[in-house]
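Structure first, commentary second.
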There are 2 protein chains.
Amino acid sequence: MARRPSPQTRERILDAANDLFDRYGVHAVGMQRIIDEAACGKNLLYREFGSKDELVVAYLERGGAEWDVKFARALAAAATPQEQLVELVRVVGAGLPGTRGCGLRNTLAEYPDPDHPVHRFIVEHLEKVRGRLHDLAARTPTADPDRLVDRILLIINGLYSPYTVIAGEGRAAAEAVLLAREIVSA
Amino acid sequence: MARRPSPQTRERILDAANDLFDRYGVHAVGMQRIIDEAACGKNLLYREFGSKDELVVAYLERGGAEWDVKFARALAAAATPQEQLVELVRVVGAGLPGTRGCGLRNTLAEYPDPDHPVHRFIVEHLEKVRGRLHDLAARTPTADPDRLVDRILLIINGLYSPYTVIAGEGRAAAEAVLLAREIVSA
DNA sequence: ATTCGGACGGACCGATCGGTCTGTTATCGT
DNA sequence: ACGATAACAGACCGATCGGTCCGTCCGAAT
């Protein structure tokens with residue numbers, strides 16, 4: 001009959017939101033700014049994403065997918081589970097420059113209300129991450145996989161700290177890999 | 001002649017701002033909310049603090065002072081520089097429950113613009129922290145104090161991660177102390 | 001008792017927030 | 001060519017943002 005809805009509009013909007021949320025944080029970015037950046041009508045954005053919260057969740061889903069890529073890359077780059085954990089730390093550190101850290105963790109800080117869907121989504125994702133790390137740790141010769149997970153997460157979370165990200169992420173990233181190597185071989 | 005300005009009003013306002021900023025983040029808290037909480041007139045707040053940015057800086061100064069207390073406590077609680085570093089990690093971990101992490105680091109994430117006075121203040125403070133850690137590390141028998149500082153900071157920053165703070169800060173705090181102990185005695 | 005000035009509440013400012021709705025333009029299928 | 005519909009722009013909504021300003025009230029010094 002008539003004009004068909006373009007399937008890539010949703011992606012274009014999400015691209016713009018992703019960039020702005022990553023750079024400035026969720027609360028600091030208004031919907032109009034996203035609309036300007038995406039060069040779309042306000043109607044279109046609210047058709048694709050019913051509310052800002054929904055858009056934020058979509059942004060976080062993409063962030064979670066990026067983490068999956070990191071995880072897969074680390075698994076592929078090393079043979080043993082120990083080396084894979086170290087490689088994961090290396091991948092995280094290598095991904096820091098030019099970013100503001102981890103969108104999921106940064107956004108979690110902006111939504112302290114544990115009942116908020118955005119908060120719940122992030123915690124859920126991070127628990128999944130912990131689960132996958134645990135699976136990996138359980139396949140290492142360590143006597144206490146939980147402890148190994150705690151330590152690796154401590155390092156990764158430390159790398160994602162705003163302080164680390166902004167001041168000298170280079171040194172921290174290198175040191176994190178060395179520390180991770182010692183931890184997994186202990 | 002007339003009524004004298006009460007010297008504790010400034011503290012009362014700062015108390016309210018401190019509590020709200022700590023709990024919800026800077027961007028999420030409006031001035032009116034602080035005024036309501038402090039039960040003061042809007043005039044008074046803007047006489048004591050010329051703008052929201054100034055109030056935020058005052059809030060961060062108090063956060064910096066709290067860090068100084070933590071540092072002093074760690075120095076007093078142990079004899080050797082190695083043990084003092086471990087103690088510092090322990091103090092940080094012990095201070096986590098019931099908080100949203102570190103106000104300075106959380107606020108840094110909210111002010112990504114490196115030219116903004118709030119951003120600059122935080123980076124300046126954190127560099128001072130690094131300096132004091134370096135002084136401490138230099139008095140340990142380690143061959144590479146810089147590396148030791150990087151590792152301790154990685155742990156502390158990891159503890160202050162929103163993820164650590166919200167999900168299971170107990171395990172992380174205990175593990176951080178153990179890891180710090182291994183690091184300083186390596 | 002009068003008066004001076006600080007504390008307070010709130011009206012008010014322009015701008016922006018998230019969100020809704022309408023009108024115009026452009027592109028498609030028939 | 002025509003008509004249907006998606007995409008776009010923007011007016012508009014109430015609420016809130018940071019910030020200014022004014023009027024009232026009250027406490028203390030004279």
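Atoms considered below: every heavy atom in the structure, side chains included; atoms not considered: hydrogens, waters and symmetry mates. Just so we're on the same page: letters track the sequence lines, and every chain starts at 1.
- Applying the ring-ring contact (aromatic ring centres under 6.0 Å, His included) test to F21(B) and every residue at least two apart in sequence or in another chain returns Y59(B).
- Between dC8(D) and R12(A), a contact under 4.0 Å exists linking OP1 or OP2 to a side-chain N or O.
- Atom CZ of F49(A) and atom C1' of dT20(C) are 18 Å apart (whole Å).
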Per-pair distances, 0.1 Å, donor-acceptor, side chain in residues 133-141 of chain B, under 3.5 Å, sequence neighbours excluded:
unit_1: H134(B); atom_1: ND1; unit_2: D146(B); atom_2: OD1; d: 3.2
unit_1: T140(B); atom_1: OG1; unit_2: A137(B); atom_2: O; d: 2.6
unit_1: T140(B); atom_1: OG1; unit_2: T142(B); atom_2: N; d: 3.4

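- In terms of the ring-ring contact (aromatic ring centres under 6.0 Å, His included) criterion, H119(B) has no residue partners (sequence neighbours excluded).
- For residues 76-97 of chain A, the salt bridge (charged side-chain N to carboxylate O under 4.0 Å, His left out) pairs, not counting sequence neighbours, are E87(A)-R90(A).
- Distance, E48(B) CD to dA7(C) C1': 12 Å, rounded to whole Å.
- For the pair I35(B) CD1 and dA7(C) P, the computed distance is 14 Å after rounding to whole Å.
- Here side chain to side chain donor-acceptor pair (under 3.5 Å) pairs that include residues 102-112 of chain A, with residues two or more places apart or in two chains, are H27(A)-E110(A), R105(A)-N157(A).
- Of the possible polar contacts, one joining the E54(B) side chain to the G50(B) backbone as a donor-acceptor pair under 3.5 Å is found.
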List the protein contact pattern of nucleotides 14-24 of chain D with one symbol per nucleotide (5' to 3'): B for base contact, S for sugar-phosphate-only contact, - for none; contact means a heavy-atom distance under 4.0 Å.
---SSBBBB--
